[in-house]
Structure formats: C-alpha cells, structure tokens
Amino acid sequence: MYFPYFITYIVVGLAITLAVFFWALKNGQFRDQQRARYLPLQGDSDTTSPPPSSPFSRIEIYGLFLLAVAGLGASAAVLIFAVIHGGR
Amino acid sequence: MTTGESTQIRTYPTALAFCITSFFWMGVATFMGLLGATFLIAPDLANNVSWLFFGRVRPVHVNMVLFGFVTPGLLATAFYYLPKVLDTELYSEKLGVTTVLLWNVVLVAAVGSLLAGHSQGREYAELVWPVDIGIVIVFLMVFVNMIMTVKHRREPILYVSVWYACAAVVLTSVTFSLGNVIWKPDTGALTGIPDAILLWFYGHNIFGLLLTPLSAGVAYYVIPRVVKSPLYSHTLSLLGFWSLIVIYTHIGTHHLLQVPVPTWLKVISIVDSVAMVIPVMAFLINIWYTAKGKLGAIHEDIGAKFVFTGTIMYFFVSIQGSMMALPVVQRITHFNNWVVAHAHIGVLGFAGMIALGGMYYILPRVSGKPLYSRLLADLQYWMVLIGMIGFTVVLTIVGLIQGNAWYNGETVYRVLPELQYYYVTRAMLGLLIFSSAVIGLYNGVRTLLSKPGEAVS
C-alpha cells in the first residue's frame with residue numbers, strides 16, 4: 001500500500017505550495033518585476049578585478065602541470081595498450 | 001542601486017566553511033568514483049579487502065558527490081548571496097558554522113557506515129537510519145537559517161534565487177524523509193513495488209528538487225553580477241520556478257516504465273518529464289539572454305565560466321531526460337550505462353560545474369584574498385569539462401551496445417568483451433576528474449592560506 005503515503009505527500013505538498021503562492025501573491029511578490037531584475041546587482045559594489053597572475057612560485061605551477069600531464073599520459077598509455085592488446 | 005550595507009565589510013564564515021567542505025569532499029567522492037571505475041576493469045584490485053568492494057565503494061561515491069561535494073558547494077554560494085539580495089545579515093553565522101560542522105560529522109558517518117557494510121541497499125538511499133536522521137537535521141538547520149534570514153530582510157521582494165534556495169531545502173527535507181522511509185528505522189524501506197515507486201520518487205527528486213533549484217539560484221545570481229546587467233526577465237524566472245515546483249515532483253516513476261506500476265502513474269511521469277521543457281527553457285532563455293553579447297565578461301571570470309558551462313550542460317541533460325522518459329526510447333536506453341552518462345551530465349556537468357563556479361566566484365569575496373591561481377582554476381575547468389564530456393561519449397556508447405544487445409536477446413558474456421575498451425577509457429577519465437578535484441582543493445586551500453589581498457567588499 002503506497003497510496004496513503006502519496007496521497008499524504010500530494011495533499012501536504014499542494015497545501016504548502018498553495019499557501020506559499022497565495023502569500024506571495026498577497027505580499028506583492030509578483031509586482032514590481034522590473035525592479036526585481038536589478039536585485040542581484042545591489043549591495044556592495046563589486047570591486048574585484050579578475051584574479052591577478054598567481055603570486056606563488058612558477059615552479060610549483062609547472063610541477064603540478066607536469067604531474068597532471070604525467071597522470072594523463074599514463075592513462076593514455078593504458079588506453080592505447082588496452083586498445084592494441086586488449087582483444088587478444 | 002545602493003543599500004544601507006554598502007560600506008560595511010561582511011564576513012561569511014558559513015559560506016566559507018561550506019566551500020572548504022565541498023572542495024575536500026569532491027576529492028573523496030571523485031576518488032571513490034575512480035576506484036569504482038577501476039574495479040570494472042580490474043575486479044580483483046582490492047581482493048580480500050571487504051570494505052573496498054565495488055558494492056560499498058559505489059554508494060560512497062554517489063552519496064559523497066551528492067551530499068559532500070555538490071550540495072555544500074551550492075549552499076556555500078547560497079549563504080553568500082542570500083543576505084545580499086535580501087539586504088540583511090545572515091540570521092546566524094554561528095548556526096551556519098555549526099551546521100557545516102555537523103554536516104561533516106554526518107558525511108564521515110556516512111562514509112564509515114557504508115564502507116563497513118551498513119547499507120539499506122536502495123540506490124541513492126543506502127544510508128542507514130541514524131545517518132538519515134543526521135541529514136534531515138542538517139537540512140532543517142539550513143532551512144531555519146534561511147527562512148529566518150528571509151524574515152529579517154529589508155528588501156521586500158524575494159529575488160528568484162531566494163525562492164529556489166528555500167524551496168530546495170524545504171522540498172529535500174520532505175523528500176528525503178519520505179524516500180528513505182525514516183519511519184521504519186530497521187529497513188528504511190517498504191516492500192515490493194510500492195518501495196520501488198517511493199525510492200524512485202526520491203531518487204529523481206533528490207537531484208531535481210535539490211541540485212536543480214540550488215544550481216538555478218546560483219546561476220541567477222552569478223551571471224547578472226558578472227555581466228553587470230539586470231536579469232533578462234524576473235517574471236520569466238518566477239514562471240520557471242513555479243512550473244518546476246509543479247512539474248518536477250511527479251516524474252520519478254519514469255525510472256519504472258518497464259515494471260508493473262500503475263499505468264496512471266507512468267503516464268503522469270512521462271507527461272511531466274516532457275513538460276519539464278517549460279521550466280528548463282524558462283531558466284535557460286533567461287540566463288542566456290542576460291548574458292547575450294557579454295560572453296567576454298563571462299570568459300574573464302572563472303566562476304561565471306563554470307556556471308555558464310553548467311547551464312549549457314543543463315540544456316543537454318534536460319532534453320535528453322525528456323526524451324529518455326519516452327517508452328520507445330527507454331527500451332534501449334534504460335538499465336544500462338546510458339543512464340549513467342545522463343546522470344554524469346546532470347550531476348557533474350550541470351550542478352557540479354555550477355557549484356564549482358559559485359565557489360570560485362565567492363571564494364575571493366568570502367576570504368578577502370585573491371584567488372591563488374587562475375591558471376589552476378582554468379586547468380580544473382578543462383579537466384572537468386573534458387572528463388565529463390568523455391564520460392558522456394563513452395558511457396553513451398556503452399549504453400547503446402548494452403541496450404541493443406539486451407533488446408536483441410544477446411547473452412551477457414558475449415557483450416562484456418565489447419565494453420572493455422570503453423571501461424578503460426572511463427577509468428582514465430575518472431583519473432582526470434579526480435586530478436581536477438585535487439587541483440581545486442589545492443587552489444582553494446592556497447587561496448585561504450595566502451596573504452590577505454585587497455578586501456573585496
């Protein structure tokens with residue numbers, strides 16, 4: 001018997017949804033939609049510039065990059081090996 | 001537009017704590033995924049190590065992606081933008097940080113219990129009862145913090161992101177409780193087909209009513225901020241929100257079209273799956289029109305780059321999802337790796353990308369320090385993108401082979417050798433994504449440990 005659970009869920013869900021919807025309607029949430037478009041732009045001015053070049057040692061970047069390339073290379077080697085020899 | 005808080009420098013410990021949580025657990029979750037993929041090509045890899053069997057590793061991967069990586073990442077951004085668009089302070093940073101701490105305790109308990117073999121054996125709902133209760137509690141704590149922040153707002157209108165964030169938390173609290181049958185602690189399940197119906201009601205909604213609304217909320221905030229333009233249409237965004245709430249709640253049964261569930265339930269799930277085009281396109285049209293002509297600004301900002309890519313993936317996964325709900329399509333695509341590909345586009349390509357984008361957007365702002373390395377962030381972006389697209393291609397091919405073979409009555413052992421190359425590729429791509437998670441964690445930690453830069457606010 002799953003109907004009781006679903007009926008309960010549907011009824012409760014519908015009741016909450018309708019209650020919230022009518023609350024929104026009554027409180028003017030659907031008015032002044034033009035101003036609402038600007039809401040994400042309000043608040044502190046975004047003075048953040050794009051991230052500058054990394055302050056940390058270039059060697060570290062190259063090291064990490066090499067590690068990533070080595071890992072990928074090893075994976076590619078496994079793949080190529082599997083493709084060439086896997087069927088035998 | 002100015003507000004009273006414009007000169008005040010805020011701190012965001014809750015958002016920051018969720019960021020750290022997400023970066024860390026992304027590493028754990030993707031490692032478990034890699035391990036699981038490796039088991040598929042080397043089943044004896046962890047022979048005799050019981051807690052590392054595929055059957056235990058796979059649920060850890062799924063649950064940690066869901067509750068460890070993506071949800072905390074999206075919540076981090078939500079806890080950043082909620083006070084801003086509501087023009088108030090977060091109700092309680094103490095409650096927020098406590099929530100994050102408890103959240104991590106629950107995650108540790110989840111991993112420990114699953115690896116120890118304590119599972120309820122239901123896909124996506126494997127966690128045992130005490131962990132289930134822990135998850136419900138942390139979601140309720142998040143809800144209290146959000147709703148009280150809404151209550152104390154100075155901005156009368158609720159921006160669409162607020163609707164999405166609050167709805168996600170409320171709906172998940174209910175869906176999770178119901179789907180995990182928490183009133184039956186011993187089994188966490190009903191019996192027979194009713195349990196399958198309930199499980200897939202939960203299984204689909206935990207993505208659709210948690211990750212989707214949280215991701216939409218982040219995109220609706222980050223994209224207008226970065227392109228410095230108002231949202232294309234707030235009315236359209238509300239149409240998308242309410243239609244999502246109405247439609248998404250019933251579509252889980254499309255996972256059960258080939259089993260004996262009531263036909264009316266199947267019909268509802270199929271019709272609503274196709275109708276999902278409405279909220280999806282309302283969201284995408286809105287975001288893409290907001291960004292129209294300003295893709296340069298999006299490319300400049302690594303956070304927006306992740307988020308915008310996530311919206312493109314949302315388009316693909318949603319169209320694919322609607323089509324997959326059609327019985328004639330599903331005969332081939334269901335119960336095989338096609339669905340796994342679909343899930344990866346949705347969770348990693350859409351929600352995961354937006355979670356990462358949101359975190360990269362807020363990290364310098366909540367820490368007051370510049371991002372440690374844009375290069376590493378870009379590297380992570382490309383690794384995730386290539387890995388995820390690779391998954392999609394490879395697993396789609398595998399799914400078609402499996403589906404076609406099954407449809408034509410082929411025996412399993414004749415098909416398995418055909419899949420081997422693809423499974424190797426899949427593991428390789430898993431390594432790519434795990435590596436990207438490590439790079440992201442490193443970049444995040446080094447950002448926090450670097451010298452304070454110019455205060456963002």
request  = With a 4.5 angstrom heavy-atom cut-off, could you sort out which part of B/P156 is near chain A: side chain, backbone, both or neither?
outcome  = both

message = Which atoms of B/P417 are under 4.5 Å from chain A, going by heavy atoms: the side chain, the backbone, both sets, or neither?
response = neither

ask   = Is a side-chain N or O of B/Y372 found less than 3.5 angstrom from the main chain of B/L449, in a donor-acceptor match?
value = no

inquiry  = Whether the B/R446 and B/Y442 side chains hold a donor-acceptor pair (N or O, under 3.5 Å, no angle test) is what I'd like checked.
reply    = yes

query = Who in residues 15-24 of chain A is close to chain B, using a strict under-4.5 Å heavy-atom cut-off?
reply = A/T17, A/V20, A/F21, A/W23, A/A24

inquiry  = Which residues pass the salt bridge (Lys or Arg N to Asp or Glu O under 4.0 Å) test with A/D32, not counting sequence neighbours?
reply    = A/R35

inquiry  = Between the side chains of B/K305 and B/D301, is the shortest nitrogen-to-carboxylate-oxygen separation below 4.0 Å, so that they form an ion pair?
reply    = no

inquiry  = So which residue, B/T290, B/T235, B/T249, ends up with the most heavy-atom pairs under 4.5 Å with chain A?
reply    = B/T235

task = Examine whether an atom of B/I245 lies under 4.5 Å from a heavy atom of chain A, and if so say whether it belongs to the side chain, the backbone or both; otherwise answer neither.
result = side chain

inquiry  = Which residues pass the ring pair (Phe, Tyr, Trp, His ring centres under 6.0 Å) test with B/Y221, not counting sequence neighbours?
reply    = B/Y81

task = Go through the structure and list residues passing ring pair (Phe, Tyr, Trp, His ring centres under 6.0 Å) with B/F176, not counting sequence neighbours.
result = B/F67, B/Y202

remark   = Residue from B/S161, B/S237, B/G192, B/S229 scoring the most non-hydrogen pairs under 4.5 Å with chain A is B/S229

Interface moiety of B/L238 toward chain A, non-hydrogen atoms closer than 4.5 Å = side chain

Residue pair B/K84 / B/Y12, side-chain donor-acceptor N/O under 3.5 Å = yes

Contact origin within B/V174 toward chain A - heavy atom pairs under 4.5 Å = side chain

Sole residue of B/V160, B/I223, B/L236 in side-chain contact (heavy atoms from CB on, under 4.5 Å) with B/N286 = B/L236

ask   = Any side-chain heavy atom of B/L86 sitting closer than 4.5 Å to one from B/R154?
value = no

